[in-house]
Amino acid sequence: MGGSANLDLSNYELRWPTALFVSEGKRVLRSSSRSWAEQVVWLLTEALAGTTAVADFEDLPQSLASSDDPWAGTTPAWGKRDGMDKREWLTELVSRASELRRAADPRPYWPQRQGRGASHDGSTPRDTRRDFERIISNFTDNGYLVEVFGEECVDDPTELPDASRVIERHLGIPGLWPLDPATWDEDTFFGLIEVFHDLVSRPRTRHFHSWDNCGWHHSEFHNGPARILYRGKVNELLREAGIEYELAAEGEDLGRLVAVTDDARSALVHQALTDSAPDITNRVRHAVALFRGRETTVESKRSAIVTLAGILEERRALLKDQLGKDEGSLFEIANRYDLRHRKADQRGDYDEAFLDWIFWWYLGTVELTNRLIASHTAS
């Protein structure tokens with residue numbers, strides 16, 4: 001269906017990252033579950049703004065592969081709208097996801113433009129904490145905490161886990177649920193950001209329990225999509241508040257707050273982690289985590305550099321072959337300065353910014369040697 005234009009996308013706006021919608025959409029398309037159509041409706045409800053896409057989907061006939069009736073025959077031609085059934089419609093929507101407009105927040109209204117009311121610009125730390133509480137409330141409403149907190153049902157008398165105790169087991173601080181932003185200090189706030197990253201899990205299926213108006217029940221949880229969405233929302237919140245930390249998307253410190261870097265350095269970290277051999281990847285992960293953590297010290301930065309220097313030492317023959325005698329300059333920094341051997345005659349009177357420079361230089365060199373090794377292997 002990829003190149004067809006049967007589907008009018010002009011009324012749809014995507015709230016999710018495109019790659020995540022495509023991934024979850026393809027997973028649903030592979031499903032033969034009897035609740036297939038319900039899974040699609042839930043995906044469209046979450047990923048797209050408004051209810052237009054759900055209405056369009058529900059107006060289509062069911063496809064044979066996903067029919068709730070195992071004895072159903074093929075959908076007759078007269079029963080299709082614009083020649084499409086539900087599965088064909090979703091297939092095209094997923095294949096053309098890159099064409100969907102991004103859903104945007106509304107422009108500021110009058111009170112916000114006058115500096116009153118809720119505003120991200122110029123928010124105080126407490127405003128940011130309330131915004132975070134709203135993010136968690138939204139995840140809770142959509143069933144993203146059901147796997148760890150449980151879910152009430154009129155037909156199930158089982159006692160639910162104590163949510164406050166669940167958080168305390170992770171963070172070591174009691175009485176944090178229900179959330180009360182006014183009581184948090186900075187460490188508690190940042191700790192909760194990291195804890196909820198580990199707790200959220202997306203329910204891929206839901207059904208409505210009508211008895212006694214019980215409500216929605218959620219199941220088939222997966223933390224991967226939930227964490228992608230969570231990191232996106234929280235990192236946007238921190239960025240708008242001018243807080244120079246973000247939740248790491250990969251590495252040993254996945255889901256932990258790390259210092260914000262520019263796009264080029266973020267790309268370098270990704271490449272170094274992705275392209276390294278398995279035995280090297282663990283060491284690179286450790287070095288990156290030591291260097292960029294929220295609690296990073298001068299000593300941890302030195303340790304990160306020493307870890308990378310060790311990788312380069314193992315690849316010294318390769319560097320010498322490519323750089324000639326100049327490869328010695330790479331190791332002179334680590335050996336003559338107060339980094340690796342820590343001898344009395346080494347130089348230690350340098351600014352901490354020097355550590356940042358040498359770390360990124362060494363990480364870039366690790367990535368360079370990865371590419372050199374890959375090219376030699378391919379030739």
Side-chain angles (χ1 to χ4, degrees), residues 12-17 20-21 23-60 62-63 66-69 86-87 89-90 93-94 103 131-167 177-179 192 195-234:
Y12 306 152
E13 292 185 342
L14 188 61
R15 292 191 293 202
W16 278 15
L20 178 60
F21 176 66
S23 174
E24 289 295 281
K26 287 181 177 179
R27 186 203 60 80
V28 174
L29 282 167
R30 292 192 299 268
S31 172
S32 58
S33 169
R34 293 178 63 87
S35 62
W36 182 84
E38 294 175 4
Q39 293 179 36
V40 177
V41 168
W42 177 225
L43 175 64
L44 298 175
T45 300
E46 279 204 282
L48 275 68
T51 59
T52 302
V54 171
D56 287 350
F57 174 78
E58 291 184 329
D59 195 36
L60 291 165
Q62 186 72 279
S63 65
S66 59
S67 175
D68 287 339
D69 180 3
K86 280 180 164 61
R87 193 171 288 270
W89 181 93
L90 181 62
L93 180 65
V94 169
D131 287 341
F132 174 71
E133 179 195 20
R134 283 190 281 270
I135 289 174
I136 298 303
S137 177
N138 183 63
F139 273 90
T140 303
D141 291 344
N142 285 337
Y144 279 62
L145 292 171
V146 170
E147 188 173 27
V148 291
F149 289 172
E151 192 168 45
E152 291 184 350
C153 177
V154 295
D155 290 337
D156 185 358
T158 304
E159 184 177 354
L160 299 180
D162 184 332
S164 185
R165 293 291 299 276
V166 172
I167 297 172
W177 188 270
L179 298 181
L192 285 168
V195 165
F196 278 105
H197 175 274
D198 291 352
L199 296 182
V200 293
S201 192
R202 179 177 183 258
R204 285 170 163 166
T205 302
R206 66 173 186 168
H207 73 276
F208 190 78
H209 187 189
S210 59
W211 174 254
D212 201 21
N213 200 31
C214 188
W216 289 105
H217 291 331
H218 304 83
S219 57
E220 293 186 28
F221 300 97
H222 196 287
N223 60 25
R227 290 175 177 178
I228 291 173
L229 291 173
Y230 180 84
R231 287 195 298 268
K233 289 181 179 295
V234 171

- How many angstroms lie between atom CZ of R134 and atom CG of L179, to the nearest 0.5 angstrom? 12.5 Å
- Nearest heavy-atom neighbours spanning F221 and S201: CB-OG, 3.3 Å
- Query: S33 and S35: side-chain donor and acceptor closer than 3.5 Å?
  - Reply: yes
- Without hydrogens or angle criteria, can the side chains of R231 and H197 be said to hold a donor-acceptor pair below 3.5 Å? yes
- Which atom of D162 lies closest to which atom of S164, heavy atoms considered: OD1-N, 3.0 Å
- Message: Tell me if a side-chain donor or acceptor on T140 pairs with a main-chain N or O of I136 at a distance below 3.5 Å.
- Response: yes
- Main-chain N/O of S219 paired to R204 side chain as donor or acceptor, under 3.5 Å: no
- Message: If you define the side chain from C-beta out and look only at heavy atoms, does anything of W177 sit under 4.5 Å from L145?
- Response: yes
- Message: Test your reading of the model: is there a side-chain donor-acceptor pair from R227 to the backbone of D198, 3.5 Å cut-off?
- Response: yes
- Do L160 and F149 pass the side-chain contact (heavy atoms from CB on, under 4.5 Å) test, and can you show the C-alpha distance, the side-chain angles, and the key distance before you say yes or no? CA-CA 7 Å; L160 299 180; F149 289 172; over 6 Å; no
- How long is the span from the CD atom in E147 to the CG atom in L199, to the nearest 0.5 Å? 10.0 Å
- Exercise: identify the closest heavy-atom pair between G25 and V94: CA-CG2, 3.8 Å
- Query: What distance separates L229 CG from L20 CG, expressed to the nearest 0.5 Å?
  - Reply: 5.0 Å
- Taking E151 for the side chain and G143 for the main chain, is one N or O donor matched with an acceptor at less than 3.5 Å? no
- Can you measure from CZ (R34) to CD (Q39) and round to the nearest 0.5 angstrom? 13.0 Å
- Message: Between W16 and F21 (judged by ring centroids, cut-off 6.0 Å), do the two rings come close enough to count as a pair?
- Response: no
- Measure the shortest side-chain to side-chain distance between Y12 and L93 over non-hydrogen atoms and say whether it is less than 4.5 angstrom. yes
- Query: Is it true that the side chains of N142 and H218 contain a donor and an acceptor less than 3.5 Å apart?
  - Reply: no
- Message: Testing I135, I167, V234 one by one against F196 for a side chain to side chain contact (heavy atoms under 4.5 Å, CB included), which residue passes?
- Response: I167
- Which residues satisfy the salt bridge (charged side-chain N to carboxylate O under 4.0 Å, His left out) test with E13, sequence neighbours excluded? R101
- Task: May I ask you to decide if T158's main-chain N or O and D156's side chain share a donor-acceptor pair within less than 3.5 Å?
- Result: yes
- Message: Applying side-chain hydrogen bond (donor to acceptor under 3.5 Å, both in side chains) to H207 and E38, what does each step give before you reach the verdict?
- Response: CA-CA 8 Å; H207 73 276; E38 294 175 4; over 6 Å; no
- Message: Looking at R165, I want to see if its CZ is surrounded by more than 12 non-hydrogen atoms of other residues, nucleotides or ligands under 6.0 Å.
- Response: no
- Taking all non-hydrogen atoms of both residues, which atom of C214 and which atom of C153 are closest, and how far apart? SG-CA, 3.6 Å
- V28 backbone acceptor or donor facing W36 side chain under 3.5 Å: yes
- Query: Under 6.0 Å between the ring centres of F139 and Y230?
  - Reply: yes
For residues 42-50, dump all side-chain donor-acceptor pairs below 3.5 Å to protein atoms at least two apart in sequence or in another chain.
residue : atom : partner : partner atom : Å
W42     : NE1  : P203    : O            : 2.6
T45     : OG1  : V41     : O            : 2.7
E46     : OE1  : Y144    : OH           : 3.2
E46     : OE1  : R202    : NE           : 2.6
E46     : OE1  : R202    : NH2          : 3.1
E46     : OE2  : Y144    : OH           : 2.5

